[in-house]
Amino acid sequence: MKTDAMISLRNLRVSYGEREILHGLTFDVYDGETMVILGGSGSGKSTLLRTLVGLEKPTSGEIWLKGQNIATISNAEMDKIRKKMGMSFQGGALFGSLTVGENVALPLRQHTKLEPSTIDIITRLKLNQVGLSGFENYMPSQLSGGMKKRAAVARALAMDPEILFFDEPSAGLDPIIAAGVDQLILEVKKAFHMTIIVVTHELASAFLIADRMVLVDKGHVVAIGPRDEMRASQHPRVRQFLDRVAEPAVAQELDYLQMLTDGTPR
Amino acid sequence: MRSAELTTQIGASVSNGLAYVGTLAILGERAAYYTFVAPFKGKPLRLQRAIAQAMEIGVRSLPILSLITFFNGLILALQSAYELRKFGAISYVAGAVAVSMTRELGPLLTAIVVIGRSGSAFAAEIGTMKVTEEIDALQTMAIDPVHFLVTPKFLAMILMLPCLTIWANTMGMVGGMLFGVAKADFTVGRYIQASLDSLVLRDVITGLIKSVMFGITITAVGCQEGFATRGGAEQVGRSTTRAVVLALFLVILVDLVFTSLFFFFGS
């Protein structure tokens with residue numbers, strides 16, 4: 001595996017209004033690896049993903065992607081980079097007014113000058129890759145949750161991206177379908193050698209697909225490392241997350257009383 | 001103290017309102033750019049989509065618009081006859097209906113029907129797409145949501161509203177004619193002649209200019225409210241309501257501005 005950084009974050013900070021969500025993240029994602037961003041609800045992992053694809057602007061810090069700092073570039077330049085990215089959204093985000101085939105064909109129609117017949121062939125090819133051949137003319141509403149996700153992956157793959165992003169690929173799916181989606185990610189990884197970034201809180205899925213993992217908690221990077229290193233980590237916060245230990249309740253009764261009276265835990 | 005607080009509040013509301021109009025103007029300007037400039041720079045319009053929108057905005061609203069403007073023409077005739085009768089001038093009914101329809105009520109009623117049917121639909125469509133991350137998906141695919149979603153609506157709107165307005169004017173006069181023929185000793189031919197005699201081209205043109213401005217306003221408000229949707233499904237409902245109420249208010253405001261302009265600078 002090459003070790004060139006595909007994406008480099010340097011002290012990345014993101015805020016919604018007054019509230020800062022990410023408090024200075026620094027890490028690299030290498031070319032061709034599958035990086036899983038782990039984190040609980042409200043950890044900032046979704047914000048991190050949205051920032052990486054340019055949907056949120058950082059308040060400070062740098063994101064180096066293909067030699068450009070996307071924190072400062074213009075929309076037009078960002079769009080050039082976006083054509084080399086694919087994103088699979090949590091709910092699929094397929095366009096309800098278009099058929100599955102048209103959904104996959106959309107980026108090709110918008111950004112390439114290919115003949116419609118060529119686009120049709122590519123569309124069928126991409127749908128075949130995700131195991132949805134023959135579903136071109138279905139409307140997204142006629143697909144099951146798992147199929148929607150596959151169709152979304154096909155759409156993300158349409159432009160032959162160099163980087164593929166997944167937001168919670170197994171959220172809302174039953175274990176068997178979720179395993180199917182994991183399998184699909186592994187197949188994509190094997191077939192295309194692209195850089196894949198997956199945001200999830202599903203541990204089983206994370207350990208199956210990851211080369212490296214980063215645990216984000218309360219807007220900070222807690223730990224980062226190869227999969228097996230993470231599995232063996234003795235960092236208390238990592239262990240808590242991996243061993244699925246609930247957040248300790250307010251420890252002592254005195255603290256509890258104080259919290260009730262002052263509103264601030266000691 | 002009190003009055004200072006009051007002025008602060010009034011100031012804040014006014015500046016919020018102006019900021020909102022500013023966002024509408026930016027959205028309208030971008031849609032206009034994609035409609036009139038970008039096609040010549042190799043960014044083609046989604047014509048098929050625009051035609052589909054025009055069908056929805058224009059053709060499908062014809063039955064309800066016809067009915068409403070027909071009744072309104074009839075009401076106008078009845079109301080003006082009530083006053084004109086006192087002066088023995090009931091034959092001026094035709095002119096009264098023709099002028100008030102073309103200058104004011106035709107464009108306004110058309111706008112109100114279109115707000116109810118399409119302004120709300122725009123907000124609901126874009127709001128739902130926002131909630132299901134489809135707008136985000138467009139952006140990550142390097143497709144500008146304004147170009148993709150707003151431009152076809154914008155084009156359909158500025159073409160269809162004037163057409164609908166002409167139709168509304170006609171149906172209003174037909175409504176007036178029903179009264180004219182039944183109660184004011186007109187024949188159909190004489191009523192039409194009287195209507196045409198009382199109209200000048202200016203009346204029709206100013207009405208059509210207003211209708212184009214209404215079209216831009218309705219599109220901008222509907223789409224802006226859609227894009228501003230945050231959170232879940234119940235927010236889509238709220239956006240839709242806001243879009244309708246704001247569009248009604250702004251259309252009346254635009255109407256006032258343009259009517260004043262025509263009055264003071266049109267002579």
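These values consider heavy atoms only, across backbone and side chains, with no hydrogens, waters or symmetry-generated copies. Naming: A, B, ... by sequence-line order, numbering from 1 per chain.
No other option in A:Leu94, A:Asn75, A:Ile81, A:Val53 has as many heavy-atom pairs under 4.5 Å with chain B as A:Leu94. Contact count versus chain B (heavy atoms, under 4.5 Å) is highest, among A:Met85, A:His111, A:Lys83, for A:His111. For the options B:Arg46, B:Gln139, B:Lys43, heavy-atom pairs under 4.5 Å to chain A are most numerous at B:Gln139.
Within 6.0 Å of the OH atom in A:Tyr16, the count of heavy atoms belonging to other residues, nucleotides or ligands exceeds 12. Heavy-atom contacts from other residues, nucleotides or ligands closer than 6.0 Å to NZ of A:Lys57 number more than 12. Other residues, nucleotides and ligands contribute at most 12 non-hydrogen atoms within 6.0 Å of the CD atom of A:Glu115. The number of heavy-atom neighbours closer than 6.0 Å to CZ of B:Phe36, taken from other residues, nucleotides and ligands shown, is above 12.
Residue B:Leu138 touches chain A through both its backbone and its side chain, counting heavy-atom pairs closer than 4.5 Å. Using a 4.5 Å cut-off between heavy atoms, B:Thr140 contacts chain A through both its backbone and its side chain.
Residue B:Met141 is tested with A:Gln110, A:Arg155, A:Met159 for a side chain to side chain contact (heavy atoms under 4.5 Å, CB included); the sole match is A:Arg155.
Here the straight-line distance linking atom CE of B:Met129 with atom CZ of A:Phe95 works out to 5.0 Å at 0.5 Å rounding.
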Could you check A:Met87 against B:Asp136 for side chain to side chain contact (heavy atoms under 4.5 Å, CB included), going step by step and ending with a plain yes or no?
CA-CA 10 Å; A:Met87 166 101 173; B:Asp136 291 339; over 6 Å; no

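Under the side chain to side chain contact (heavy atoms under 4.5 Å, CB included) criterion, B:Ala220 pairs with B:Leu24, sequence neighbours left out.
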Distance-only criterion, 3.5 Å: show the donor-acceptor pairs between side-chain atoms of residues 135-143 of chain A and protein atoms not counting sequence neighbours.
from	atom 1	to	atom 2	distance (Å)
A:Glu136	OE1	A:Gly134	N	3.1
A:Glu136	OE2	A:Arg124	NE	3.3
A:Gln142	OE1	A:Met139	N	2.7

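Residues B:Glu133 and A:Arg50 approach most closely at OE2-NH1, 4.4 Å, considering heavy atoms.
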